[in-house]
Amino acid sequence: MPLRLATWNINSVRLRIGLVEKLVREHRIDVLCLQETKCPDDKFPMSDVRKLGFEHVALHGQKGYHGVATFSRFPFVTTARERFADKDDARHLATTFAAGPLEGVTVHNFYVPAGGDEPDPIVNPKFAHKLQFLSELTDWSTRIADTGRRIMVGDLNIAPDPSDVWNHKQLLKIVSHTPVETEGLDAMREAGRWVDTVRSHVPHPEKLYSWWSYRAADWEAVDRGRRLDHIWASADVAARTTGVETLRFARSWERPSDHVPVIVDIV
DNA sequence: ATGGTCGAAGGTCGA
């Protein structure tokens with residue numbers, strides 16, 4: 001049986017720990033990477049996580065905002081909590097597996113800044129911050145490009161291709177799909193020799209989304225989604241992926257996150 | 001063209 005690794009922007013882990021349980025039990029998740037936990041480490045619902053069978057837990061949280069967490073059935077060591085773009089935001093967590101199917105593989109769990117509404121770094125410091133974060137991710141990717149056995153997952157807050165958004169032309173000036181962002185993400189992927197494992201299994205131009213705004217009255221009927229959540233891997237690990245799932249129906253779970261889980265199977 | 005909804009914190013901000 002392949003290992004199942006999931007990434008999910010949970011938008012408050014304490015509010016939605018029940019949905020985490022549903023995901024893990026119904027989809028046999030072995031490694032789970034969460035973003036936007038919005039939870040300080042000392043308030044994390046650890047006993048619930050242990051009850052789900054995750055003996056190995058790494059946290060990088062802060063009060064109120066951001067926050068990432070990685071759980072696993074297989075042992076790992078936490079190898080980094082890097083800071084980017086001159087801020088101490090909790091947006092990265094690296095874990096390196098010590099045993100199991102991912103032995104020797106490092107999983108990087110990221111929550112990239114959303115960037116605010118106005119796609120102009122001059123007037124919008126949040127967008128400037130996002131672009132700086134992206135630039136530093138490209139440098140970081142360049143530094144590890146010659147190494148194998150790595151996975152990068154998370155909410156990258158960019159939908160890179162026309163088939164990753166409901167309307168390419170209409171979103172060109174909307175933060176998450178502007179050319180400076182999509183080209184930046186492409187540059188980063190190439191710098192790190194990352195393989196977009198989701199698109200390896202669900203090729204363009206098939207539409208694929210992982211996020212739908214809370215603001216739409218009927219998200220499913222309108223279906224104005226974006227693919228903001230990603231699973232990338234070095235070529236050696238990408239070659240071991242046997243399939244991916246994007247759990248669109250999770251957007252209809254009770255009191256849902258605005259993002260849905262994305263899952264990859266690895267042998 | 002506009003405004004629409006969430007969550008955590010908590011006397012708003014970030015998404």
Side-chain angles (χ1 to χ4, degrees), chain A residues 7-23 33-46 48 59-69 83-92 109-121 123-134 153-160 164-167 169-178 180-182 185 209-230 248 250-262:
Chain A
T7 180
W8 194 12
N9 179 319
I10 190 66
N11 189 16
S12 172
V13 69
R14 283 175 288 182
L15 189 67
R16 284 187 246 283
I17 191 66
L19 293 187
V20 171
E21 179 175 350
K22 182 177 174 67
L23 168 71
C33 298
L34 297 178
Q35 303 88 36
E36 275 209 274
T37 52
K38 295 184 173 177
C39 182
D41 292 349
D42 61 357
K43 300 266 175 44
F44 207 91
M46 284 299 296
D48 298 282
L59 304 177
H60 187 190
Q62 67 182 86
K63 187 179 178 183
Y65 306 103
H66 324 313
V68 290
R83 79 193 278 283
F84 290 86
D86 304 324
K87 287 182 191 272
D88 289 320
D89 293 350
R91 295 183 181 275
H92 169 258
N109 180 357
F110 274 102
Y111 176 50
V112 171
D117 288 332
E118 183 61 48
D120 179 350
V123 302
N124 175 7
K126 283 183 253 182
F127 194 68
H129 176 232
K130 185 178 193 176
L131 295 183
Q132 185 186 344
F133 200 103
L134 194 54
V153 307
D155 177 4
L156 304 186
N157 263 314
I158 297 173
D164 297 327
V165 293
W166 64 279
N167 185 315
K169 194 174 173 191
Q170 207 159 326
L171 284 172
L172 281 170
K173 290 182 178 170
I174 302 296
V175 170
S176 73
H177 195 62
T178 66
V180 66
E181 293 170 275
T182 59
L185 197 68
Y209 314 136
S210 64
W211 173 90
W212 293 261
S213 171
Y214 281 126
R215 297 179 189 181
D218 186 344
W219 74 273
E220 194 157 29
V222 176
D223 200 19
R224 294 185 172 180
R226 308 177 201 168
R227 189 172 71 102
L228 304 179
D229 302 276
H230 299 272
R248 178 183 168 97
R251 187 63 177 76
S252 289
W253 286 350
E254 190 178 346
R255 202 124 189 235
S257 170
D258 46 354
H259 295 251
V260 300
V262 182

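Chain letters run A, B, ... following the sequence lines, proteins first and then strands; every chain starts at 1.
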- request: Quick one: sort the A:Trp8 and A:Trp253 rings into parallel, tilted or perpendicular, breaks at 30° and 60°.
  value: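 Ring orientation, 0 to 90° scale: perpendicular.
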
task: Anything under 30° is parallel, anything over 60° is perpendicular, the rest tilted; go ahead and classify A:Phe133 against A:Phe84.
output: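 Ring orientation of A:Phe133 relative to A:Phe84: tilted.
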
query: Between A:Asp41 and A:Lys63, is the closest basic N to carboxylate O distance under 4.0 Å?
result: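 A salt bridge is absent here (no side-chain N lies under 4.0 Å from a carboxylate O).
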
Round to a whole Å and report the spacing from [atom1] of [X] to [atom2] of [N].
{"X": "A:Asp155", "N": "B:dG14", "atom1": "CG", "atom2": "C1'", "result": "13 Å"}
{"X": "A:Glu254", "N": "B:dC6", "atom1": "CD", "atom2": "P", "result": "13 Å"}
{"X": "A:His129", "N": "B:dA15", "atom1": "NE2", "atom2": "C1'", "result": "14 Å"}
{"X": "A:Ile174", "N": "B:dA15", "atom1": "CD1", "atom2": "P", "result": "16 Å"}
{"X": "A:Ile17", "N": "B:dG7", "atom1": "CD1", "atom2": "P", "result": "15 Å"}
{"X": "A:Asp258", "N": "B:dG14", "atom1": "CG", "atom2": "P", "result": "17 Å"}
{"X": "A:Tyr65", "N": "B:dG7", "atom1": "OH", "atom2": "P", "result": "15 Å"}
{"X": "A:Asn124", "N": "B:dG14", "atom1": "CG", "atom2": "C1'", "result": "12 Å"}

With rounding to whole Å, what would you report as the distance between [N] and [M] at their [atom1] atoms?
{"N": "B:dA1", "M": "B:dT12", "atom1": "C1'", "result": "26 Å"}
{"N": "B:dG10", "M": "B:dG14", "atom1": "P", "result": "13 Å"}
{"N": "B:dG3", "M": "B:dG7", "atom1": "P", "result": "23 Å"}
{"N": "B:dT2", "M": "B:dC13", "atom1": "P", "result": "22 Å"}

- prompt: A:Lys63 has a side chain; which of B:dG7, B:dA9, B:dT5 sits nearest to it?
  reply: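 Nucleotide nearest to A:Lys63's side chain: B:dA9.
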
task: Taking atom types as modelled, find out whether A:Lys38 and A:Asn11 have a side-chain donor-acceptor pair closer than 3.5 angstrom.
output: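 There is such a pair between these side chains.
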
query: Do A:Asp229 and A:Ser210 have side-chain N/O donor and acceptor atoms under 3.5 Å apart?
result: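 Yes, side-chain donor-acceptor contact under 3.5 Å.
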
task: Let me know, please, whether A:Asn11 or A:Arg91 comes out on the 5' side of the other along DNA chain B by nearest nucleotide.
output: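 Looking at the nearest nucleotide for each, A:Asn11 comes out on the 5' side.
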
Phosphate-side-chain proximity, [X] and [N], N/O vs OP1/OP2 below 4.0 Å:
{"X": "A:Arg14", "N": "B:dG7", "answer": "no"}
{"X": "A:Lys126", "N": "B:dG14", "answer": "yes"}
{"X": "A:Arg16", "N": "B:dG7", "answer": "yes"}

query: When all nucleic acid strands are considered with a 4.0 Å heavy-atom cut-off, which category describes A:Arg255: base, sugar-phosphate, or nothing?
result: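 Sugar-phosphate, backbone atoms only, no base.
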
